[in-house]
Amino acid sequence: MAKLTVEDLELKGKKVLMRVDFNVPLKEVDGQQEVANDNRIVAALPTIKYVLSHGGRAVLFSHLGRIKSEDDKPALSMKPVAQRLADLLGQPVTFVPAIEGPELEDAINKLEDGQVLIFENTRYADVVDGEVVKRESKNDPALGAYWASLGDIFVNDAFGTAHRSHASNAGIAANIAQTAAGFLMEKEIKFLGGAVENPERPFVAIIGGAKVSDKITIIQNLLEKADKVIVGGGMAYTFAAAKGEKIGNSLFEEDKVELAKQLIADAGDKLVLPVDAVAADKFANDVDSYVAEGDIKDGYMGLDIGPKSVELFKSVLADAKTVVWNGPMGVFEMPNFAKGTLAIGEELVKVTEKGATTIVGGGDSTAAVQQLGVADKLSHISTGGGASLEYLEGKTLPGIAAISEK
Ligand code: AMP
């Protein structure tokens with residue numbers, strides 16, 4: 001069944017609780033905190049504007065950074081975020097410097113249709129009177145019930161926290177009649193959920209990055225769902241070692257070799273591994289390097305996939321109809337070892353133009369496609385790091401499970 005979205009809701013005159021992801025970087029200017037990058041605020045505007053223009057009374061909240069002591073609170077206040085939001089919306093935004101109590105309740109009750117307020121960082125609830133209690137982060141049932149009591153309906157647009165069961169997502173949802181996805185959340189469910197649940201085939205997954213151990217559950221899940229799974233990046237050398245190749249000083253996880261052998265044996269030609277590497281004598285950009293096919297010389301380490309691997313991976317991608325990509329093919333932060341990742345990014349642009357759905361799954365991969373300048377030419381760039389990984393691992397995300405069915 002499909003999830004309820006904000007467009008399914010009757011919003012007029014309703015107090016609409018809205019969990020947004022305003023976990024933005026801040027900077028200090030003349031002793032005051034300011035928003036250093038407002039991408040996430042801009043991204044949330046469509047859902048907020050939709051609610052306001054349909055006569056909803058928006059009550060916004062988000063976490064911001066991590067609160068481990070009372071001392072962390074002043075520098076992680078939502079106040080600068082409220083100011084930036086007001087500028088972007090072009091209308092006043094009431095900031096309430098509290099997460100509970102009469103001041104917040106009065107402010108909500110005074111809201112008129114089309115007006116908006118934002119209350120303080122939800123993680124202020126993690127420390128009370130100097131004691132670490134994690135009421136938000138451990139989903140204290142009383143807190144979720146209290147926040148739910150402040151509104152009529154709940155819109156969750158914070159995909160980045162969907163893999164956590166917090167008071168401000170699952171806690172509220174458990175205590176309110178209707179929970180709907182905002183537009184950002186809806187898009188993540190459509191693309192990431194669609195890829196793992198009902199992909200148009202051929203479905204090709206590309207997994208890269210540093211460690212097998214970080215991505216093993218994704219590889220296993222996608223081997224079950226995809227038609228091909230391409231593995232590149234640092235983790236490919238543990239697979240190369242499992243095949244009996246020499247890998248020099250490349251990244252290596254000895255305790256994952258047996259697992260890699262098992263996957264190679266079970267997956268057959270579904271698993272596509274690099275056939276060459278750009279190997280360097282040091283972990284730096286300007287170093288002595290060569291293309292190694294098979295064994296890597298002693299004293300050298302593989303820092304990128306080589307040209308034959310690029311051609312092989314492109315041939316696998318050529319007729320793909322759905323592609324999910326997580327993790328770079330090499331040390332893309334160094335220009336000399338970014339070529340493999342760039343080539344894959346460019347190939348994804350081509351298959352997107354041919355009509356394939358191409359999805360980049362958060363974290364470092366998002367940074368890579370942005371650095372390569374191809375982000376806006378792909379179908380979907382996930383905004384969640386941990387959340388998109390867990391989605392691709394096939395796990396149920398509590399924040400999404402808590403959204404009502406249509
Ligand atoms: P992840 O967060 O697991 O996606 O890993 C991303 C990191 O893996 C990036 O910082 C890359 O520089 C790094 N990486 C990719 N390939 C290699 C490699 N061959 N050797 C060392 N690090 C790598």
Side-chain angles (χ1 to χ4, degrees), residues 160 163 192 205-222 229-243 245-254 256 259-260 272-297 299-310 313 323-345 348 359-372 375 381-393:
H163 58 315
L192 286 174
I206 313 166
I207 307 298
K211 287 179 164 176
V212 182
S213 44
D214 288 343
K215 307 271 170 89
I216 190 63
T217 327
I218 295 192
I219 297 175
Q220 284 169 322
N221 185 43
L222 292 176
V229 176
I230 294 171
V231 170
M235 68 173 72
Y237 301 101
T238 299
F239 284 88
K243 288 198 297 183
E245 288 171 11
K246 292 204 173 117
I247 59 166
N249 295 334
S250 305
L251 272 187
F252 177 53
E253 286 170 275
E254 199 176 353
K256 292 288 174 283
L259 186 63
V272 183
L273 296 168
V275 289
D276 58 358
V278 184
D281 60 351
K282 284 188 205 71
F283 190 80
N285 187 48
D286 289 312
V287 287
D288 181 23
S289 71
Y290 79 105
V291 174
E293 287 182 34
D295 292 344
I296 291 175
K297 282 196 278 190
Y300 283 73
M301 61 186 92
L303 294 183
D304 195 7
I305 53 172
K308 288 195 174 160
S309 305
V310 168
F313 294 178
V323 182
V324 166
W325 182 16
N326 184 284
M329 296 291 98
V331 186
F332 74 98
E333 298 92 337
M334 301 179 193
N336 284 337
F337 304 105
K339 294 191 187 97
T341 305
L342 179 59
I344 296 304
L348 288 198
I359 302 154
V360 176
D364 261 319
S365 334
T366 302
V369 291
Q370 273 158 355
Q371 183 189 311
L372 303 175
I381 312 293
S382 176
T383 54
S388 44
L389 287 189
E390 292 197 20
Y391 216 169
L392 295 174
E393 285 171 1

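For ligands, and for the atoms within them, numbers begin at 1 and follow the listed sequence.
- Interatomic distance, CG of Asn326 versus CD of Glu393, reported as 9.5 Å (0.5 Å rounding).
- Of all heavy-atom pairs between Leu192 and Ser382, the closest is CD1-OG, 3.7 Å.
- Contact residues of ligand 1 (protein heavy atom closer than 4.0 angstrom to a ligand atom; sorted by chain and number): Gly209, Ala210, Lys215, Gly233, Gly234, Tyr237, Leu251, Phe283, Gly302, Leu303, Gly327, Pro328, Gly330, Val331, Glu333, Asp364.
- Considering all non-hydrogen atoms of both residues, Met329 and Ile206 come closest at CE-CG2, 3.5 Å.
- Paired with Leu259 under the rule side-chain contact (heavy atoms from CB on, under 4.5 Å), one option of Ile219, Ile216, Thr238 passes, and it is Ile216.
- Put simply, the residue from Val275, Ile230, Val278, Ile344 that forms a side-chain contact (heavy atoms from CB on, under 4.5 Å) with Ser309 is Val275.
- The ring-ring contact (aromatic ring centres under 6.0 Å, His included) test applied to Tyr300 returns Tyr290, not counting sequence neighbours.
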